[in-house]
Amino acid sequence: MSIKNRVFSGIQPSGDLHLGNYLGAIRRFVPLQETHECIYCVVDMHAITVWQDPDELRRATREVASAFIAAGIDPKAHIVFNQSQVIQHAELAWVFNCIARIGWMNRMTQFKDKAGKNSENVSLGLLAYPSLMAADILLYKASHVPVGDDQKQHLELTRDIAAKFNNDYAASIAAEGLAEEFFPLTEPLIAGPATRIMSLRDGKKKMSKSDPSDASRISLLDDADAIAKKIKRATTDPEPLPSDEKGLEGRPEADNLVGIYAALSDKSKADVLAEFGGAGWGVFKPALADLAVSVLAPMAGEMQRLIDDPETIDAVLREGADRARVLAEETMTQVRRIVGFIR
Ligand code: AMP
Ligand code: TRP
């Protein structure tokens, strides 16, 4: 059974955080603190499914933790930690490796995209990645997971793993006197105008950490000048903005910039178009640049201040891990008994 109103989400410390991570995930983590018990994790074990330089991994782990805090997540009222400090994630992931089928993993589009033609030569961890993700979520029996649109398939797989575990071990779960739905069927939270932010250079490509072009993304550590320049140079079509959402169809770049404006101002795309319909890019882009700078620049300043004080960030992560471990161990104690491991 799920712990009602418990949220879990994770971000990989691989490369620089960008506007897609912020609008699709981190910004949406913040208001959930009012209504849910939240656990936000820097998933460093997921990051090493592709090669990471160790010093760079440490830097990026602190960067993600800083972004959580600078965005407004309270690590005292909720939990912020890095995955590798709570070893139960690896332990449950192993059990799930024995539940999930290879065919399920092979069907994951993120795996196919990342492996490309090279699927025999990527790490075994990259294939098993969704099994570790299911472990992250189910260790805490989370009811909800806020993520961007690209994680939808992984959330479906998490539900499949939960259902198969509950089913395969039904007799043992009953014998332990535990609820039939031992692992919950966790719901994704994928909503709002910014579930999929696109590259500023190409409206058909997702904004991503791995795009070789720095101009394709706004990094959360970019300064005001860089943010404004990237927005002003963003690729667009020559038409003025439409006055309703229907007019965005077939105009991916316009749709993307309107979505970014909407998400940064907590409005709907319809509201933004009601205000800017008929305006040209010479009006809309400077307005978007001002808005983006007003939201992102103060956050970048706070992130940098935190990054410059690694002892404090590391202490936050350690303290969060200590609290997460207590919850994780409760679930693992039950799982070991259900599976038949002697202790
Ligand atoms: P990752 O950087 O892959 O660990 O992603 C962290 C979070 O950011 C996940 O919830 C993703 O779905 C989300 N995310 C990544 N890229 C984008 C994007 N371009 N638009 C919206 N959300 C995104
Ligand atoms: N796979 C997610 C991504 O690439 C990161 C992630 C790992 C995650 N574990 C998670 C997200 C658990 C939500 C919940 O974006």
Side-chain angles (χ1 to χ4, degrees), residues 6-29 32 38-50 52 60-61 63-64 67-68 71 81-84 86 89-90 92-93 96 105 108-111 113-114 125-126 128-159 161-162 186-211 216-220 252 255-256 259-260 262-264 324 328:
R6 184 180 279 171
V7 157
F8 184 97
S9 196
I11 305 239
Q12 299 189 67
S14 51
D16 293 333
L17 286 172
H18 55 72
L19 187 64
N21 299 128
Y22 177 61
L23 295 179
I26 302 171
R27 185 177 171 93
R28 297 174 50 235
F29 296 174
L32 288 166
C38 300
I39 306 174
Y40 296 127
C41 184
V42 189
V43 290
D44 47 5
M45 295 199 296
H46 275 107
I48 64 164
T49 55
V50 297
Q52 303 293 331
T61 300
E63 179 185 319
V64 176
F68 285 166
F81 74 109
N82 60 312
Q83 189 185 31
S84 61
V86 179
H89 288 248
L92 185 58
F96 287 169
M105 300 295 164
M108 293 293 111
T109 51
Q110 183 169 309
F111 175 72
D113 289 348
K114 284 200 181 176
L126 192 69
Y129 177 113
S131 180
L132 177 59
M133 178 160 164
D136 297 341
I137 296 164
L138 295 174
L139 256 186
Y140 303 98
K141 300 187 178 171
S143 57
H144 296 93
V145 177
V147 277
D149 178 65
D150 59 350
Q151 296 303 309
K152 198 168 167 203
Q153 202 186 23
H154 287 155
L155 264 297
E156 281 160 13
L157 188 74
T158 299
R159 293 161 66 96
I161 290 177
T186 304
E187 297 284 346
L189 292 175
I190 305 173
T195 56
R196 192 174 178 83
I197 299 294
M198 308 309 277
S199 155
L200 298 178
R201 308 301 307 173
D202 177 350
K204 293 190 192 63
K205 262 175 49 190
K206 195 178 68 167
M207 185 178 285
S208 104
K209 291 168 182 164
S210 54
D211 194 313
S216 72
R217 64 183 159 263
I218 293 174
S219 285
L220 292 191
D255 191 14
N256 190 38
I260 292 173
L264 283 171

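Along the sequence shown, residues are numbered consecutively beginning with 1. One-based numbering, in listed order, for ligands and for the atoms of each.
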Legend entry - Nearest non-hydrogen protein atom, atom 2 (O) of ligand 1: Lys209 NZ, 2.6 Å
Legend entry - Protein residues having a heavy atom less than 4.0 Å from any atom of ligand 2: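 Protein residues near ligand 2 are Phe8, Ser9, Gly10, Gln12, Val43, His46, Tyr129, Met133, Asp136, Ile137, Val145, Val147, Gln151.
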Inset, instruction - Could you tell me whether some N/O pair between Gln151 and ligand 1 is separated by less than 3.5 angstrom? - result: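 For ligand 1, there is no N or O atom that lies under 3.5 Å from one belonging to Gln151.
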Inset, instruction - Report yes if Gly20 has an N/O atom closer than 3.5 Å to an N/O atom of ligand 1; otherwise report no. - result: yes
Which is it for [X] and ligand 1 at heavy atoms under 4.0 Å: side chain, backbone, both or neither?
X	answer
His18	side chain
Leu23	neither
Arg196	backbone
Ser208	neither

Legend entry - Heavy-atom pair with the smallest gap, counting every atom of Asp136 and Gln83: OD1-NE2, 2.9 Å
Legend entry - Nearest option to atom 15 (C) of ligand 1, as decided by whichever heavy atom of Ile190, Leu17, Asn21 sits closest: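 When every heavy atom of Ile190, Leu17, Asn21 is considered, Asn21 comes closest to atom 15 (C) of ligand 1.
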Legend entry - Ser216 side-chain N/O to Ser199 backbone N/O, donor-acceptor pair under 3.5 Å: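 No, Ser216 side chain to Ser199 backbone: no donor-acceptor pair under 3.5 Å.
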Legend entry - Donor-acceptor pair, side chain of Arg28 and main chain of Pro146, under 3.5 angstrom: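 Side chain of Arg28 to backbone of Pro146: no pair is present.
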Inset, instruction - Enumerate the atoms of ligand 1 whose separation from the nearest heavy atom of Val147 is less than 4.0 angstrom. - result: 10 (O)
Inset, instruction - Using a strict cut-off of 4.0 Å, indicate which atoms of ligand 1 neighbour a heavy atom of Ala25. - result: 7 (C), 8 (O), 10 (O)
Legend entry - Close side-chain approach of Asn21 to Met207, heavy-atom, < 4.5 Å: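 No. Closest side-chain heavy atoms not under 4.5 Å.
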Inset, instruction - Classify the ring geometry between Phe81 and His89 as parallel (under 30°), tilted (30 to 60°) or perpendicular (over 60°). - result: tilted
Inset, instruction - With Tyr40 as reference, evaluate Leu32, Val64, Ile11, Ile26 under the side-chain contact (heavy atoms from CB on, under 4.5 Å) test and give the passing residue. - result: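 The passing option is Leu32.
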Inset, instruction - Using the salt bridge (Lys or Arg N to Asp or Glu O under 4.0 Å) rule, take Asp150 and Lys206 through it: C-alpha gap first, then chi angles, then the decisive distance, then the call. - result: CA-CA 9 Å; Asp150 59 350; Lys206 195 178 68 167; 2.9 Å; yes
